[in-house]
**Q** 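After the structure tokens below, expect a handful of questions from me.
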Number of protein chains: 2
Amino acid sequence: MLTIGKLGEAAGVKVPTIRYYEQIGLLPEPERSAGNQRLYGAKALDRLAFIRHARDLGFPLEAIRDLLSLSDRPDQSCAAADIIATEQLAAVKARIARLTALKAELERMITQCAQGTIANCRVIEVLSDHALCADDHRAQTGSGAAT
Amino acid sequence: MLTIGKLGEAAGVKVPTIRYYEQIGLLPEPERSAGNQRLYGAKALDRLAFIRHARDLGFPLEAIRDLLSLSDRPDQSCAAADIIATEQLAAVKARIARLTALKAELERMITQCAQGTIANCRVIEVLSDHALCADDHRAQTGSGAAT
DNA sequence: TCTTGAAGCTATAGTTGCTAGAGACATTAG
DNA sequence: CTAATGTCTCTAGCAACTATAGCTTCAAGA
């Protein structure tokens with residue numbers, strides 16, 4: 001049995017975060033010791049590691065909640081999990097594309113910036129010019145979406 | 001002169017967001033019409049476009065604030081802007097690596113998930129297994145850091 | 001056995017970057 | 001002139017935590 005601190009250490013999650021996950025129902029309420037302290041088993045560690053990794057990879061908590069609910073009922077079809085994964089894949093691809101473009105811009109900025117003053121440096125210029133950006137944001141003006 | 005709505009439309013930013021940026025000091029207080037409505041010129045549009053793009057690219061508002069303060073004093077050395085850009089470049093590279101790993105996992109999940117039930121699907125498994133992940137989070141267990 | 005310091009408990013409030021609503025005034029198209 | 005839209009301020013809410021306060025429990029050493 002692990003205390004909350006040990007669990008957090010093992011999964012790479014901070015203690016208050018674990019309590020937060022419990023509070024919002026992502027983790028079940030664990031056993032308690034005689035002195036009212038939380039005690040976790042191996043299952044809890046798996047579940048927390050799952051959450052941690054999914055978070056790292058950009059899944060919002062709601063998607064994680066869905067995935068966990070699927071894993072809690074493993075007799076169901078995989079289709080639902082597949083849909084979630086597919087949606088996330090699209091988001092991930094888009095993010096990679098964006099970031100790759102940014103990387104190029106930043107590298108260019110840094111190279112051009114190497115000497116001289118801001119007056120002849122393009123850092124700001126590059127970032128205020130619509131023409132130089134991936135500009136996929138033109139399309140999605142209305143929605144926050146993405147996350 | 002643009003009203004706040006037109007400005008938002010031109011820059012791809014929602015109206016309340018513009019007011020929020022003004023509130024936190026990223027945008028200067030604009031002129032007002034006789035009826036107290038905000039009126040913006042071309043400069044404001046540039047500045048807002050800059051913020052929008054930098055946000056799109058993952059710069060936190062504080063970094064943007066720094067960059068803007070630099071652009072407000074263009075006679076200075078470019079070194080400071082360079083440092084900010086270099087820091088961001090490192091962060092961007094790390095994110096790309098993470099996301100690329102995720103992409104591989106998701107693709108694998110989806111392929112394996114194509115038929116069958118969750119019982120023989122690895123969606124959950126893949127994400128709870130430490131061995132299969134990029135595991136850079138093992139190292140940074142203690143600190144939020146990383147910006 | 002006692003004690004001391006770390007770790008745990010609950011509860012509340014703060015963070016970032018917005019977004020949404022209420023209720024009132026301004027502007028503009030017909 | 002009127003009606004519809006846009007804008008104004010202000011407050012509250014969202015996700016996903018993080019930090020603080022003030023207390024209790026636990027493990028280990030003297």
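Per chain, numbering begins at 1; letters A, B, ... match sequence-line order.
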**Q** Map A:Gly35 and B:Pro16 onto DNA chain C by nearest heavy atom, then report which one ends up closer to the 5' terminus.
**A**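 So the residue in question is A:Gly35.
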**Q** Are any of A:Tyr20's side-chain N or O atoms less than 4.0 Å away from OP1 or OP2 of D:dA15?
**A**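 For D:dA15, neither OP1 nor OP2 has a side-chain N or O of A:Tyr20 closer than 4.0 Å.
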**Q** Rounded to whole Å, how long is the line connecting atom NZ of A:Lys6 with atom C1' of D:dA27?
**A**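 So the two atoms are 11 Å apart, to the nearest Å.
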**Q** Do A:Tyr21 and A:Arg55 come close enough that some side-chain heavy atom pair is under 4.5 Å?
**A** yes
**Q** Between C:dT19, D:dA16, D:dC8, which nucleotide gets closest to the side-chain atoms of A:Leu61?
**A** D:dA16
**Q** Figure out the CD1/P separation between B:Ile51 and C:dT16, and round it to whole Å.
**A** 16 Å
**Q** Which atom names give the shortest non-hydrogen contact between B:Gly5 and B:Val15, and what distance separates them?
**A** CA-CG2, 3.7 Å
**Q** B:Arg52 CZ to C:dG17 C1': how many Å, rounded?
**A**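 About 13 Å, once rounded to whole Å.
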**Q** Using only side-chain N and O atoms of B:Arg55, determine if any of them is under 4.0 Å from OP1 or OP2 of C:dC18.
**A**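 Yes, because at least one side-chain N or O of B:Arg55 sits under 4.0 Å from OP1 or OP2 of C:dC18.
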**Q** Expressed in angstrom and rounded to an integer, what is the separation of A:Leu39 atom CG from D:dT25 atom P?
**A** 14 Å
**Q** Pick the closest DNA chain D nucleotide for B:Gln23 and for B:Asn36 by heavy atoms, then say which residue is nearer the 5' end.
**A**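 Counting from the 5' end, the first nearest nucleotide belongs to B:Asn36.
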**Q** Measure the distance from CD1 on B:Ile4 to P on C:dT27 and round it to the nearest whole Å.
**A**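 Distance, rounded to whole Å: 15 Å.
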**Q** Identify, between B:Ser33 and B:Glu62, the residue whose nearest nucleotide on DNA chain C lies closer to the 5' end.
**A** B:Glu62
**Q** What is the distance, rounded to the nearest whole Å, between atom CD1 of A:Ile24 and atom P of C:dA11?
**A** 17 Å
**Q** Checking all strands, does A:Arg19 fall into the base, sugar-phosphate, or nothing category for heavy-atom contacts under 4.0 angstrom?
**A**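 Since a base atom lies under 4.0 Å of A:Arg19, the category is base.
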**Q** Heavy atoms from C-beta onward define the side chain here; which of D:dA16, C:dC18, D:dC17 lies closest to that of A:Tyr21?
**A**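 In terms of side-chain proximity for A:Tyr21, the closest of D:dA16, C:dC18, D:dC17 is D:dC17.
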**Q** Within the structure, does a side-chain N or O atom of B:Arg38 lie under 4.0 Å from either OP1 or OP2 of C:dT27?
**A**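 No, because none of the side-chain N or O atoms of B:Arg38 sits under 4.0 Å from OP1 or OP2 of C:dT27.
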**Q** Can you check the A:Met1 CE to C:dA7 C1' distance for me, whole Å?
**A** 19 Å
**Q** Report yes if at least one side-chain N or O of A:Lys14 is closer than 4.0 Å to OP1 or OP2 of D:dC17; otherwise report no.
**A**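 Answer no for this pair, as no side-chain N or O of A:Lys14 is under 4.0 Å from OP1 or OP2.
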**Q** Can you tell if the side chain of A:Tyr40 reaches within under 4.5 Å of the side chain of A:Leu48, non-hydrogen atoms only?
**A** no
**Q** Search all heavy atoms of A:Pro28 against all heavy atoms of A:Glu22 and return the closest pair with its distance.
**A**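 Closest pair (atom of A:Pro28, atom of A:Glu22, distance): O-CG, 4.3 Å.
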**Q** Kindly determine whether A:Arg65 and A:Glu62 satisfy salt bridge (Lys or Arg N to Asp or Glu O under 4.0 Å), including the steps that lead there.
**A** CA-CA 5 Å; A:Arg65 194 190 294 278; A:Glu62 280 317 296; 3.1 Å; yes
**Q** Check this one for me: any side-chain N or O of A:Thr17 less than 4.0 Å away from OP1 or OP2 of D:dT18?
**A** yes
